[in-house]
2 protein chains.
Amino acid sequence: MTLLSSKSDMSVNKRRLRMWIRMLRTTRFVEARLREFLRDKYDTTLPRFDVMAALYRSADGLKMSELSKLLLVSNGNVTGIIERLVTDALVLRVNVEGDRRAMLVCLTDQGRKVFEEMAREHEALINDLFADLDGEDLDELVPVLSRLKAIEDKKS
Amino acid sequence: MTLLSSKSDMSVNKRRLRMWIRMLRTTRFVEARLREFLRDKYDTTLPRFDVMAALYRSADGLKMSELSKLLLVSNGNVTGIIERLVTDALVLRVNVEGDRRAMLVCLTDQGRKVFEEMAREHEALINDLFADLDGEDLDELVPVLSRLKAIEDKKS
DNA sequence: AATTTTTATTTCAAGCATAAAATATTTAAG
DNA sequence: CTTAAATATTTTATGCTTGAAATAAAAATT
């Protein structure tokens, strides 16, 4: 009789697959919570929040293509989201001087203000959802996830 | 001068947020790869694959509501996906005897066959994408992710 | 300078996803 | 029994998302 756990008996192959499925479910669950929060409290959506977050971090604004690259979404996708944010006066779209193809996008003052409020609550929600993870857990988790970033950069 | 890393200097609060953002990016990257694979090799989509996977694991079939609960997606969403899978003769929809409201859904023989082939390649792709994670990494990662499952079950 | 290629963005068609409302059926209460 | 509440699913309206095609401008080649 072996002392190995059933987990260790499983091929690394299968365990990678299980880990992925677990990670996917976790992500979806958290995303669902975030969507719920954004809809109920701010009448907005996760994609809109993501766009605003990216713009908030880039004081000088971003080009449409930079935005889609940053968010890992398609080019045309960003067009629609920005359109709606512009309608709501949260985002400003201006021509890039010297390149008439490009568009520079940034938050309006109101957009900045609204985002700061949302971001505070967003952080609190994440903190609550992951409350069971203490510093030690994060010490384990983050480096592993960061190693996946290496894959990402290499293969994308 | 402290021996603590800058990471440990950051509040657990902020580190939970960073971990979430990292996890989200990883998930999106892998999902993009899977979509690409499913589209190019099988002319199908990730949601369709997910549905077929759930049905494959339940030999007796699933009710529409069981399916949506299992996949963490809305009820109406499943309706559309199943509709298209039925059109493609990969899924069968039959009435539940004794309850004329409910529908039981299961894979056709062809659906089963197609899924088995896709699943093999899917596993290989995941294995490749997460190749940098060895057994030790998984030993760290899986328990932490499983602890999040506890949150999920508690709060959902 | 004219042509080709690349880059930046939008438009398009199709499918995914949601919440809310509608439909139909079953179960429970009165 | 009859009405009310709960359950299973579909429909609807809106927004997200994609890949591919279209448009337009800039950069590179010839």
Side-chain angles (χ1 to χ4, degrees), chain A residues 24 27-29 31-52 54 61-88 90-91 93-105, chain B residues 24 27-29 31-52 54 61-88 90-91 93-105:
Chain A
L24 188 55
T27 305
R28 287 195 181 159
F29 174 75
E31 279 185 326
R33 293 272 146 176
L34 291 176
R35 263 195 304 275
E36 192 181 0
F37 153 69
L38 290 170
R39 177 171 42 80
D40 295 351
K41 295 272 176 66
Y42 291 95
D43 191 29
T44 191
T45 65
L46 199 49
R48 284 168 61 121
F49 179 84
D50 290 343
V51 166
M52 290 180 79
L62 290 169
K63 290 198 295 179
M64 295 299 273
S65 46
E66 293 174 325
L67 206 40
S68 64
K69 209 165 293 174
L70 215 55
L71 300 176
L72 304 181
V73 301
S74 72
N75 229 327
N77 187 0
V78 176
T79 301
I81 295 169
I82 288 292
E83 233 157 47
R84 285 178 283 271
L85 286 171
V86 168
T87 302
D88 294 354
L90 298 169
V91 158
R93 208 171 12 174
V94 295
N95 290 80
V96 172
E97 105 173 63
D99 188 343
R100 280 186 297 177
R101 295 168 301 180
M103 288 299 229
L104 201 63
V105 172
Chain B
L24 189 55
T27 305
R28 288 198 180 156
F29 175 75
E31 278 185 326
R33 292 273 146 177
L34 290 177
R35 264 197 303 275
E36 191 180 2
F37 153 71
L38 288 170
R39 177 171 42 81
D40 294 350
K41 295 272 175 65
Y42 290 95
D43 190 31
T44 190
T45 65
L46 200 48
R48 285 167 61 120
F49 179 84
D50 289 343
V51 165
M52 291 180 77
L62 289 169
K63 289 198 295 179
M64 295 299 272
S65 46
E66 293 174 326
L67 206 40
S68 65
K69 208 165 294 173
L70 215 55
L71 300 176
L72 304 181
V73 300
S74 71
N75 229 326
N77 187 358
V78 175
T79 302
I81 296 169
I82 288 293
E83 233 157 45
R84 286 179 282 272
L85 286 171
V86 167
T87 302
D88 294 353
L90 298 170
V91 158
R93 209 171 13 173
V94 295
N95 290 80
V96 172
E97 107 173 61
D99 188 342
R100 281 185 298 177
R101 295 167 302 181
M103 288 300 229
L104 202 64
V105 172

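All values reported here derive from a predicted model rather than from experimental measurement. Throughout, a chain's letter reflects where its sequence line sits, starting with A, and its residues are numbered from 1.
- Toward the 5' end of DNA chain C, the nearer of the two residues A:R39 and B:R100, judged by each one's closest nucleotide, is A:R39.
- Take B:D88 and apply the side chain to side chain contact (heavy atoms under 4.5 Å, CB included) test, not counting sequence neighbours, and it matches B:R48, B:L90.
- For A:M103, the side chain to side chain contact (heavy atoms under 4.5 Å, CB included) partners two or more places apart in sequence, or in a different chain, are A:M64, A:R93, A:N95.
- Residues passing the salt bridge (charged side-chain N to carboxylate O under 4.0 Å, His left out) test with B:E31, sequence neighbours excluded: A:R28.
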Per-pair distances, 0.1 Å, donor-acceptor, side chain in residues 77-84 of chain A, under 3.5 Å, sequence neighbours excluded:
none

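- In terms of the side-chain hydrogen bond (donor to acceptor under 3.5 Å, both in side chains) criterion, residue partners of B:T27 (sequence neighbours excluded) are, by chain and number, A:T27.
- B:L70 pairs by the side chain to side chain contact (heavy atoms under 4.5 Å, CB included) definition with B:A54, B:L62, not counting sequence neighbours.
- Partners of B:R39 by salt bridge (charged side-chain N to carboxylate O under 4.0 Å, His left out), not counting sequence neighbours: none found.
- Take A:F37 and apply the ring pair (Phe, Tyr, Trp, His ring centres under 6.0 Å) test, not counting sequence neighbours, and it matches A:Y42.
- A:A102 meets the side chain to side chain contact (heavy atoms under 4.5 Å, CB included) test with A:K63, A:V96, A:D99; sequence neighbours excluded.
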Nucleic acid footprint by protein, nucleotides 8-17 of chain C - heavy-atom cut-off 4.0 Å, B for base, S for sugar-phosphate alone | SBBB---SSS
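- Bounding nucleotides for the chain A contact on DNA chain D, 5' to 3', at a heavy-atom distance below 4.0 Å, are D:dG15 to D:dA26.
- In terms of heavy atoms, B:S74 sits closest to B:S68 at O-CB, 3.8 Å.
- With a 3.5 Å limit on both pairing distances and Watson-Crick or G-U wobble geometry required, the stems of 3 or more pairs in DNA chain D span C:1-30 with D:1-30.
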